[in-house]
Enquirer: 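Attaching a single structure in C-alpha cells format; questions to follow.
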There are 2 protein chains.
Amino acid sequence: MTDRARRPGGRSATVRRRVLDATLAQLVQHGYDSLSIDVVAERSGVHRTTVYRRWRDVGGLLADVLNEAADDAWLPPDTGTLEGDLVAVNREICTALTDEPVTVALIAASFRSGQAAEALRAFWTERYDRCAGLVRRAVERGEIPAGTDAYRLLIAATAPLYHELVLLRSAADARLPEIAARGAATAARAGAFTTR
Amino acid sequence: MTDRARRPGGRSATVRRRVLDATLAQLVQHGYDSLSIDVVAERSGVHRTTVYRRWRDVGGLLADVLNEAADDAWLPPDTGTLEGDLVAVNREICTALTDEPVTVALIAASFRSGQAAEALRAFWTERYDRCAGLVRRAVERGEIPAGTDAYRLLIAATAPLYHELVLLRSAADARLPEIAARGAATAARAGAFTTR
DNA sequence: ATACTACTGCTACAACTGTAGCTTTAATGA
DNA sequence: TCATTAAAGCTACAGTTGTAGCAGTAGTAT
C-alpha cells in the first residue's frame, strides 16, 4: 500500500489500475455473482497469484474500488430546507442502490470479507459526517431544536431506503425518498432526536 | 416438498430433520462462515449429493430453517401505547440481530441465494403484516391519524436497527430501540405517514 | 407377496479456489 | 552502469464445490 505511493508510475501502480478497472468492468457487465479473482485476473492480464497476494479476495478488490471512489469532493445538497436536503440525499442513495451495481455488490461482499466490511463502514461514516453540516444548517435556521443528534436523524432518514431496497428488495417506489425524508424531518422538528 | 407431507414419518422426513438440525447446530456453534453443504452433510450423516439435490446451496438450507421457524404463533406485544409497542418490537429485533445467528446468516445468504432471499422476504412480509394490528390499535386509541400507512410507519421504526446493526455494524447501543421507535412514533403522530 | 416409484447412497469427475516455492522482471539508488 | 530489492510471473499442488450416472433401498399400491 505505502509502496504504491512511492512508485506512482511504476509496475505496481499500473497493475493496480488494470485490476481495478477490470473489477469494475466485470461488475458492471456481468454482475456481482460473476466476480472472482480468476475472472478479474484473466480480464486484466495480471497473473492470478498476484491478485490473490495483493487483494486476497473479491471483497478486497471491491474495497479498493470503493476507497478510490470515496475519495471525491462530494457534499450534501443545500436546498434551503431540512426536508428538501434529506429528499435530495435520499434520491442519490436511491440511484446508487438501483443503478450502480458497486454499492449493492459491496454490501454483499461485506458479509464475506473483513476488508469489504471495513471499507463500507468507513465510506458510510465519512458520508454521514459530511451530512452533519446539513443538520447544522437546519438548526441555525431554527427548523429543528439545538441539541438534535445529527447522526440519529440522518440514520432515520436514510435507513428505510436501505431496508426496502437492499434487505426487503421491494419494488423501487419512486416516492420512497420523499416519504422517508418527511418522516425523519417531522420527527426532528418535534424534537425526537435531541440528546438532552 | 409435497411428498414430504404424504410420507410424514418416512425416510425423506427424517433426512430433512437430521439435515436441518445439523444446519442450525453448525450455525450456532461455528458461525455462518463455517456453513457449507459438505459440513452439514458430514454432521447429519446424510450424503453430500442428497443435500445438494434437495437444498441446492447453503441459502436453501437456511431458507428451510427459517420457513420452519417462521411457522409460529408470534404476535406483536400490546403495551397500551404506540411507542411502547414499537419499542418492544425493536427490542425483539435487536435480540434477534445480536444473539440469534440465524437472522444475520440469512441476510448474508440472501445475497448469494435466491431461495434465501425469497424466504427472508416472505418472513419479513408476514411479520410486518402481523404488526399492522399494532398500528390499527393506535389509530383506534386516537394516537395517530386514520389513514396512517402501517407499513411505512413500521419500516421507519425498525429500519434504523437493521441499518446500524447489520449494515453499519456499529456497536450495539442499548438505547437504539427506544430512539428509533420514538422517532417513528413522533412522526406518525404528526401525520407523516398518512396516505391521503 | 410383488411390482412400482421416489428418493437416497455411491463413485467418479470437472471446475473453481487458494497457497507455496521458485524464477524473472522492473524500479530505485549508489 | 550496476547492485539491490520489491513485486510480478510461473508451476504445481491441495482442498473445496458442484454435478452426472448408476446402484440400492424404503415406502406405496395392487
Side-chain angles (χ1 to χ4, degrees), chain A residues 1-23 26-27 30-64 105 108-116, chain B residues 1-23 26-27 30-64 105 108-116:
Chain A
M1 288 279 181
T2 52
D3 291 331
R4 285 205 294 278
R6 283 196 300 179
R7 304 177 184 183
R11 185 164 60 156
S12 296
T14 63
V15 161
R16 174 165 184 252
R17 183 92 318 275
R18 285 207 313 231
V19 168
L20 293 192
D21 287 349
T23 303
Q26 179 69 23
L27 180 61
H30 300 102
Y32 172 65
D33 286 339
S34 81
L35 266 192
S36 74
I37 299 276
D38 277 23
V39 166
V40 170
E42 175 110 15
R43 183 162 191 150
S44 65
V46 174
H47 203 272
R48 298 172 7 94
T49 48
T50 299
V51 184
Y52 271 110
R53 264 194 295 254
R54 279 186 54 178
W55 287 276
R56 187 181 175 87
D57 54 26
V58 174
L61 287 171
L62 288 170
D64 209 0
S110 73
F111 287 100
R112 305 185 53 97
S113 153
Q115 285 178 87
Chain B
M1 290 282 180
T2 53
D3 291 332
R4 285 204 294 279
R6 282 196 302 176
R7 306 176 184 182
R11 186 163 59 157
S12 296
T14 63
V15 161
R16 175 167 184 249
R17 184 92 316 276
R18 284 207 315 231
V19 168
L20 294 192
D21 287 348
T23 302
Q26 178 69 22
L27 180 61
H30 300 103
Y32 172 66
D33 286 338
S34 80
L35 265 192
S36 74
I37 298 277
D38 277 22
V39 166
V40 169
E42 174 110 16
R43 184 163 189 150
S44 64
V46 175
H47 203 272
R48 293 169 17 90
T49 47
T50 299
V51 183
Y52 271 111
R53 265 193 295 252
R54 278 186 54 177
W55 287 276
R56 186 181 175 88
D57 55 25
V58 173
L61 288 171
L62 289 170
D64 209 358
S110 73
F111 288 100
R112 306 185 52 99
S113 152
Q115 287 178 86

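Chain letters run A, B, ... following the sequence lines, proteins first and then strands; every chain starts at 1.
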Enquirer: Could you please name the option among D:dT19, D:dC22, D:dG9 that lies closest to any side-chain atom of A:Val46?
Expert: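 Out of D:dT19, D:dC22, D:dG9, the nucleotide with an atom closest to A:Val46's side chain is D:dG9.
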
Enquirer: Tabulate protein N/O versus nucleotide N/O from nucleotides 23-25 of chain C, keeping only pairs under 3.5 Å, one per line.
Expert:
residue: C:dT25; atom: O2; partner: A:Arg11; partner atom: NH2; Å: 3.0

Enquirer: Tell me whether B:Arg56 at atom CZ has more than 12 heavy atoms from other residues, nucleotides or ligands lying less than 6.0 Å away.
Expert: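 No, CZ of B:Arg56 has 12 or fewer neighbouring heavy atoms, counting only those of other groups under 6.0 Å.
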
Enquirer: Select one nucleotide: of C:dT8, D:dG9, C:dG9, the one nearest the side-chain heavy atoms of B:Arg54.
Expert: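 Among the listed nucleotides, the one closest to the side chain of B:Arg54 is C:dT8.
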
Enquirer: Check side chain to side chain contact (heavy atoms under 4.5 Å, CB included) between B:Leu20 and all other residues, then give those that pass, not counting sequence neighbours.
Expert: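 Per chain and number, B:Leu20 pairs via side chain to side chain contact (heavy atoms under 4.5 Å, CB included) with B:Arg16, B:Arg17, B:Trp55, B:Asp64, B:Val65, B:Glu68.
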
Enquirer: Under 3.5 Å, is there an N or O donor on one side and an acceptor on the other linking the side chain of B:Arg48 and the base of D:dG18?
Expert: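 Side chain to base: pair found, below 3.5 Å.
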
Enquirer: Expressed in angstrom and rounded to an integer, what is the separation of A:His47 atom NE2 from C:dA20 atom C1'?
Expert: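 About 14 Å, once rounded to whole Å.
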
Enquirer: Take B:Leu35 and B:His30 through the side chain to side chain contact (heavy atoms under 4.5 Å, CB included) test and state the conclusion after the steps.
Expert: CA-CA 8 Å; B:Leu35 265 192; B:His30 300 103; over 6 Å; no

Enquirer: In whole Å, I'd like the distance from the CG atom of A:Leu61 to the C1' atom of C:dT17.
Expert: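 The answer, rounded to whole Å, is 14 Å.
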
Enquirer: Report yes if some heavy atom in the side chain of B:Val39 is under 4.5 Å from a heavy atom in the side chain of B:Ser36; otherwise report no.
Expert: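 Contact flag for B:Val39/B:Ser36 side chains = yes.
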
Enquirer: Residues of residues 37-44 of chain A with any non-hydrogen atom less than 4.0 angstrom from an atom of DNA chain C: list those, numerically ordered, please.
Expert: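 The stretch gives A:Asp38 as the residues lying under 4.0 Å from the strand, ordered by number.
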
Enquirer: Whether A:Tyr52 contacts C:dT19 is assessed here as follows: a side-chain N or O lying under 4.0 Å from the phosphate OP1 or OP2. Is that the case?
Expert: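 No, because none of the side-chain N or O atoms of A:Tyr52 sits under 4.0 Å from OP1 or OP2 of C:dT19.
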
Enquirer: What is the distance, to the nearest angstrom, from the CG atom on A:Leu35 to the C1' atom on C:dC16?
Expert: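 So the two atoms are 15 Å apart, to the nearest Å.
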
Enquirer: May I ask you to verify whether the side chain of A:Ser36 and the base of C:dC16 hold a donor-acceptor pair under 3.5 Å?
Expert: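 No.
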
Enquirer: Would you kindly give the CG-to-P distance between B:Asp33 and C:dG18, to the nearest whole Å?
Expert: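 My rounded result for the distance is 12 Å.
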
Enquirer: Ignoring the backbone of A:Thr49, work out which of D:dT11, C:dG9, C:dC7 is nearest its side chain.
Expert: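 Ranking D:dT11, C:dG9, C:dC7 by closest atom to the A:Thr49 side chain puts D:dT11 first.
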
Enquirer: Donor-acceptor pair under 3.5 Å: do we get one between B:Thr50's side chain and the base of C:dC7?
Expert: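 Such a pair does not exist between side chain and base.
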
Enquirer: Is the base of D:dG18 touched by the side chain of B:Arg56 through a donor-acceptor pair closer than 3.5 angstrom?
Expert: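 Looking at the base of D:dG18, it does not pair with any donor or acceptor on the side chain of B:Arg56 (distance under 3.5 Å).
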
Enquirer: Among D:dG21, C:dT11, C:dG21, which nucleotide has an atom closest to any side-chain atom of B:Arg53?
Expert: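 Out of D:dG21, C:dT11, C:dG21, the nucleotide with an atom closest to B:Arg53's side chain is D:dG21.
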
Enquirer: Take the protein atom CG of A:Asp57 and the nucleotide atom C1' of D:dT16, then report the distance between them rounded to whole Å.
Expert: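 In whole Å, D:dT16 C1' and A:Asp57 CG are 16 Å from each other.
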
Enquirer: Reckon B:Ser12 has a side-chain N or O less than 4.0 Å from the OP1 or OP2 of C:dT8?
Expert: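 Checking C:dT8 against B:Ser12, a side-chain N or O does come within under 4.0 Å of OP1 or OP2.
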
